[in-house]
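Quick caveat: nothing in here was measured; it's all calculated off a predicted structure.
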Amino acid sequence: RILIIGACGQIGTELTLTLRNRFGADKVVASDIREGNEDIMGEGHFELLDATDLAAVEDVIFRYKVDTVYLMAAMLSAIAERFPAKAWHLNMTSLFNVLNLAKDKKIKKVFWPSSIAVFGETTPAQDTPQLTVMEPSTVYGISKQTGERWCEYYHNKYDVDVRSIRYPGLISYTTEPGGGTTDYAVDIYHRALKHGQYRSFLNKGTILPMMYMDDAIRATIGIMDAPKKNIKVRSSYNLAGVSYAPEDVAASIQKVIPNFEISYEPDFRQAIADSWPESIDDSIARKDWGWEHKFDLDAITKIMLDNLEERYK
Ligand code: VAH
């Protein structure tokens with residue numbers, strides 16, 4: 001069976017639903033520190049699980065005969081700056097728990113999400129290469145960079161089959177974003193429908209790499225489906241979708257809601273965003289396992305507004 005740890009988060013929710021559809025509900029076990037939405041809790045296996053508790057993780061793996069783990073639990077960039085020690089503990093202990101279970105051959109395959117947050121101010125900001133200077137300045141980015149080093153170490157030293165993707169900011173309408181710096185790119189659609197205006201916590205001109213959730217889920221399953229020999233990068237693969245700034249999203253929304261207005265009130269998250277690249281070179285992922293993105297900004301805007309307008313009628 002497949003176990004998703006962090007199944008109620010922004011990625012975990014859609015990943016769980018996609019995996020249940022693909023393999024059948026009985027083959028997928030969703031788990032999280034708290035219960036999820038009705039989609040997650042409605043059908044299939046669910047376990048309350050603290051990802052930092054090795055014995056608890058091992059017990060779920062044993063009881064459900066799990067051989068593949070998607071470890072999606074983490075504290076994201078904005079919240080992690082407020083609780084550094086807790087973020088480090090959650091992000092790293094959960095990873096060691098799963099890597100050690102794989103090292104002990106109790107599970108066969110691991111997916112672990114990294115992020116463009118591993119890059120810092122000294123990283124080339126345009127078309128950031130797969131291999132480049134990485135001096136992250138956030139707790140979250142440091143934990144993701146360290147996690148990548150450990151994934152590569154466990155693969156090289158213990159032949160652990162762990163695979164990883166550096167996600168850009170992700171946009172979806174099914175779950176609230178979970179305390180990240182790119183959350184503005186989701187909130188803006190909710191506010192556009194509810195209030196016809198949005199006060200952005202990131203400034204005009206703050207270009208960031210983004211991706212629609214369906215692209216991210218397809219990439220996640222794509223890298224896990226790829227033959228082991230094709231996965232040549234065992235730290236984490238760059239992945240790119242579309243890069244844009246808050247004013248680009250506003251312009252895209254105004255094509256549908258003409259009198260939508262945006263204003264700018266940068267907060268502490270501006271410094272986090274300024275330390276990240278503007279665009280990512282994902283040619284290695286395209287070469288190694290056939291990745292290509294599908295959704296551009298106007299397509300994302302259409303999907304978001306079409307699927308959210310019900311909620312704000
Ligand atoms: C965050 N959404 O903002 C996450 C992601 C690249 C951004 O890692 O922290």
Side-chain angles (χ1 to χ4, degrees), residues 1-20 22-36 40-41 43-76 80 83 85-115 140 143-165 178 217 220-221 223-225 228 231 234-236:
R1 282 198 174 93
I2 295 169
L3 170 63
I4 299 107
I5 301 176
C8 304
Q10 188 194 18
I11 305 172
T13 298
E14 304 233 17
L15 183 59
T16 300
L17 300 176
T18 305
L19 290 168
R20 279 180 180 161
R22 183 164 189 222
F23 295 101
D26 181 55
K27 288 284 181 287
V28 177
V29 184
S31 70
D32 207 307
I33 195 78
R34 66 183 68 79
E35 292 199 351
I40 292 293
M41 305 308 289
E43 60 146 352
H45 309 292
F46 180 83
E47 291 282 337
L48 284 174
L49 176 61
D50 173 354
T52 65
D53 177 345
L54 176 59
V57 175
E58 190 162 0
D59 173 55
V60 171
I61 281 166
F62 175 71
R63 280 190 290 119
Y64 286 93
K65 297 184 179 53
V66 170
D67 60 18
T68 302
V69 173
Y70 288 78
L71 172 54
M72 309 310 286
M75 198 183 287
L76 296 182
F83 306 103
K86 271 201 188 124
W88 183 258
H89 174 63
L90 169 59
N91 295 6
M92 302 318 295
T93 307
S94 60
L95 177 59
F96 278 119
N97 286 345
V98 174
L99 288 177
N100 284 326
L101 286 166
K103 173 185 166 212
D104 298 344
K105 309 298 176 209
K106 290 174 178 160
I107 48 178
K108 287 206 194 82
K109 217 169 175 184
V110 177
F111 177 81
W112 180 75
S114 183
S115 160
Y140 174 71
S143 78
K144 288 301 183 183
Q145 181 186 36
T146 315
E148 290 188 7
R149 297 288 89 235
W150 281 115
C151 288
E152 189 181 79
Y153 182 89
Y154 269 72
H155 174 73
N156 293 337
K157 191 110 173 157
Y158 309 120
D159 195 27
V160 167
D161 187 4
V162 50
R163 306 176 186 204
S164 180
I165 281 172
I217 299 298
T220 307
I221 292 176
I223 193 172
M224 290 296 270
D225 277 351
K228 204 170 173 175
I231 308 300
R234 289 290 179 164
S235 49
S236 186

Side-chain (H155) to main-chain (V160) donor-acceptor, under 3.5 angstrom: yes

Pairwise side-chain contact, K228 with R163, heavy-atom cut-off 4.5 Å (strictly under):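 A side-chain contact under 4.5 Å exists here.
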
Min side-chain heavy-atom separation I61-R1 under 4.5 Å: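 Side-chain contact under 4.5 Å: no.
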
Ring-face cation of K86 near F83 (centre distance under 6.0 Å, axis angle within 45°): yes

Distance-minimising heavy-atom pair for V57 and D50: CG2-O, 4.0 Å

Ring geometry between F96 and W150 (parallel below 30°, tilted from 30 to 60°, perpendicular above 60°):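 Geometry flag for F96 against W150: perpendicular rings.
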
Name of the residue among D32, V29, V28 meeting side-chain contact (heavy atoms from CB on, under 4.5 Å) with F46: D32

Reference residue F111; test side-chain contact (heavy atoms from CB on, under 4.5 Å); the match among I221, L71, I165: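 When I221, L71, I165 are each tested with F111, the side-chain contact (heavy atoms from CB on, under 4.5 Å) holds only for I165.
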
Salt bridge present between D67 and K65 (N-O < 4.0 angstrom): no

Distance in Å, L99 CG paired with Y158 OH, rounded so as to fall on 0.5 Å steps: 10.5 Å

Side-chain H-bond candidate by donor/acceptor type, Y154 with N100, under 3.5 Å: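 N100 and Y154 do have a side-chain donor-acceptor pair below 3.5 Å.
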
Heavy atoms from other residues, nucleotides or ligands near NZ of K157 exceed 12 (cutoff 6.0 Å):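 Atom NZ in K157 is not crowded, with 12 or fewer foreign heavy atoms closer than 6.0 Å.
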
